[in-house]
Novice: 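Input: one structure, supplied below.
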Amino acid sequence: MNMRIVTFNRKIIFAGLLACLVIAIIWTISRPTRSTTHDRFKNGKTNSIKRFPSVESTEEIVATVLVIACNRPEVERSLDSLLRFRTSERKFPVVVSQDCGHEETAQVIASYGDKIMYVRHPDVSDITVPRGSDNLKGYYKLSRHYRWALSRVFDVLHQDTVIIVEDDLEIAPDFFEYFEATKALLDKDPTLWCVSAWNDNGKTGRVKGNDLLYRTDFFPGLGWMLKKSLWEELAPKWPAAFWDDWMRHPEQRRDRACIRPEIPRVVTFGRIGVSRGQFFDEHLKYIKLNNEFYPFTERNLTYLMKDVYDPMFINTVYKSPLVSYEYFHSGHVMPAPSVRVQYESEETFRSLANQLGIMNDIKAGVPRMAYRGVVSFMYKNLRVYLAPPRNWNGYEYHE
């Protein structure tokens, strides 16, 4: 009797296991296939049009963040920084565009899955450069990639505003706060053509006040925001190489300015790149990154509109006492919040800039970070304006 019960129980157990196995097989075959970002990359489908992540929210997109990547697996550091400080996935969708076809970098980017949109530049072929310019080929490839990636986000994904970040940039905690607050200025003031997170003179000892924002005639790049209307203007004549210097030419700038911060909202960690590390060692590694959040969206920034800013700025600069470089080492202290040091020519600007520890180069006639010829910075805990004479009547540019 007991043997019959045992045999019967075994049959029941076996039948149950067989039923479970059949159900599992049917479910596996019939379940919907979910393609991950990595799968799309492996199948060569990352350039297919994909909607931005759908988030149940009434928030509008502020700007799409376009990350320009190539062969640097350390892009992970940049992406981690962006995703850590991003205030809203809906407000700031992230698109990573990779050139070069570098497999290790591709796998790092793909590992972020649906947190980002991943697209690849389809043309990774060699590029023809003028004779004797083989060592500059990287600049030509970078410009080609920029043109394709910007066209992708503006013309294919139909975005209105884009923040461009390269794969070696790390951002400040208030990076997104800064761009959200300044977008309205870019929308309303036709004399502005970009907002940048960068200050070329943003080194420790040369900056003070993470709430300070300026207008600048110099195109800063390095984490910058532009509108589709500007892209439509620039795209038909986009240069074969050195796109950032090309942006600084009067034909492109057209007397427009950018907004920039006193303390940078980005720093670069990419020593190795198309510039071969020289500029990084001499300058970039000393740039200070803002580390305290400032609530720009809670502040009234209309003072940066040209009709308000210009009279106020010029009055502040030229009412500041005029001093020579020797003043800073004389032991005398002037009871004033700022002083002015005057230059008369490009040569005297470069000489004084070297003495005062700021960038001394001039691009297309404009000193780095200058507005109406004036560069603002800190020196020996004093606000200094390195300025031309008050009767200054414009930049001189010679081909």
Side-chain angles (χ1 to χ4, degrees), residues 66-78 96-106 108-109 119-152 164-170 196 198 200-201 203 218-224 234-253 266-287 346 350 353-354 358-369 397-399:
L66 173 62
V67 181
I68 300 292
C70 181
N71 59 354
R72 183 180 281 119
E74 293 82 8
V75 66
E76 180 177 32
R77 181 171 168 183
S78 181
V96 183
S97 178
Q98 188 196 3
D99 199 8
C100 311
H102 188 253
E103 175 69 20
E104 184 182 354
T105 302
V108 168
I109 297 168
V119 297
R120 291 181 297 159
H121 188 198
D123 184 4
V124 294
S125 63
D126 200 8
I127 195 166
T128 302
V129 299
R131 181 175 295 181
S133 301
D134 284 350
N135 62 320
L136 303 175
K137 192 171 286 188
Y139 292 100
Y140 285 82
K141 289 185 175 181
L142 184 61
S143 190
R144 179 176 69 178
H145 183 198
Y146 259 83
R147 175 168 31 202
W148 182 85
L150 283 166
S151 178
R152 188 77 188 174
I164 303 174
V165 177
E166 294 193 7
D167 58 358
D168 61 349
L169 292 183
E170 190 168 359
S196 174
W198 183 254
D200 271 303
N201 295 313
K203 300 176 183 178
F218 189 85
F219 172 70
L222 288 175
W224 60 287
L234 300 177
K237 55 179 180 176
W238 192 257
F242 306 106
W243 67 269
D244 48 351
D245 281 340
W246 173 82
M247 291 275 290
R248 293 165 183 143
H249 288 189
E251 294 85 355
Q252 280 67 251
R253 189 171 65 82
V266 292
V267 291
T268 177
F269 54 84
R271 181 182 182 276
I272 303 302
V274 290
S275 63
R276 302 182 187 276
Q278 179 181 352
F279 194 57
F280 183 89
D281 289 340
E282 294 177 355
H283 172 58
L284 296 177
K285 71 179 183 181
Y286 301 107
I287 295 293
E346 289 189 1
R350 289 191 178 95
N354 284 335
I358 63 170
M359 295 291 286
N360 70 356
D361 58 332
I362 296 171
K363 300 275 190 178
V366 184
R368 287 186 185 264
M369 299 297 104
Y397 173 58
H398 309 285
E399 290 281 1

Novice: Which distance, rounded to the nearest 0.5 Å, do you find between the CD of Glu76 and the CD1 of Ile109?
Specialist: 11.0 Å
Novice: Could you go step by step and tell me if Arg368 and Ile358 meet the side-chain contact (heavy atoms from CB on, under 4.5 Å) rule?
Specialist: CA-CA 9 Å; Arg368 287 186 185 264; Ile358 63 170; over 6 Å; no
Novice: Output all residues satisfying salt bridge (Lys or Arg N to Asp or Glu O under 4.0 Å) with Asp123, sequence neighbours left out; order by chain, then residue number.
Specialist: Arg144
Novice: Drop me the distance from Leu222's CG to Glu166's CD, to the nearest 0.5 angstrom.
Specialist: 6.5 Å
Novice: So, does Asp99 use its side chain to make a donor-acceptor pair with the main chain of Leu142 at under 3.5 Å?
Specialist: no
Novice: Any heavy-atom pair between the side chains of Pro122 and Trp148 that's under 4.5 Å?
Specialist: yes
Novice: Which pair of heavy atoms, one from Phe269 and one from Arg77, lies closest together, and at what distance?
Specialist: CB-NH1, 3.4 Å
Novice: Is there a side-chain contact between Asp167 and Val96 in this structure, where contact means two heavy atoms from C-beta onward sitting under 4.5 Å apart?
Specialist: no
Novice: Checking Gln98 against Val75 for the side-chain contact (heavy atoms from CB on, under 4.5 Å) test, could you report, in this order, the C-alpha distance in whole Å, the side-chain angles of both residues, the deciding distance, and whether it holds?
Specialist: CA-CA 10 Å; Gln98 188 196 3; Val75 66; over 6 Å; no
Novice: Less than 4.5 Å apart, side chain to side chain, heavy atoms only: is that true for His102 and Cys70?
Specialist: no
Novice: According to side-chain contact (heavy atoms from CB on, under 4.5 Å), who are the partners of Pro250, at least two apart in sequence or on a separate chain?
Specialist: Ala364, Tyr397
Novice: If every non-hydrogen atom of Ile287 is compared with every non-hydrogen atom of Trp198, which pair is closest and at what distance?
Specialist: CG1-CH2, 3.5 Å
Novice: Indicate the atoms forming the closest heavy-atom contact of Asp200 with Phe218, along with that distance.
Specialist: OD2-CE2, 3.7 Å
Novice: What closest approach, in Å, do Asn360 and Arg350 show between heavy atoms, and which atom pair accounts for it?
Specialist: O-CG, 3.1 Å
Novice: What pairs with Trp224 under ring pair (Phe, Tyr, Trp, His ring centres under 6.0 Å), at least two apart in sequence or on another chain?
Specialist: Phe219, Trp243
Novice: Where do Ile127 and Lys141 come nearest, in terms of heavy atoms and distance?
Specialist: CG2-CG, 3.7 Å
Novice: Would you mind reporting whether Tyr140 and Pro130 have side-chain heavy atoms less than 4.5 Å apart?
Specialist: yes
Novice: Which value, rounded to the nearest 0.5 Å, describes the distance between Leu284 atom CG and Lys203 atom NZ?
Specialist: 8.5 Å
Novice: If you round to the nearest 0.5 Å, how far is OG of Ser97 from CZ of Arg152?
Specialist: 9.0 Å
Novice: Do the side chain of Ser143 and the main chain of Phe242 share a donor and acceptor less than 3.5 angstrom apart?
Specialist: no
Novice: Is the side chain of Gln252 donor-acceptor paired with the backbone N or O of Trp246 at a distance under 3.5 Å, no angle test?
Specialist: yes
Novice: Quick one: does Glu170's side chain have a donor or acceptor within less than 3.5 Å of a partner on Ser78's backbone?
Specialist: no
Novice: On a heavy-atom basis, which atom in Asn71 and which in Pro73 lie closest, and how many Å separate them?
Specialist: O-CD, 3.4 Å
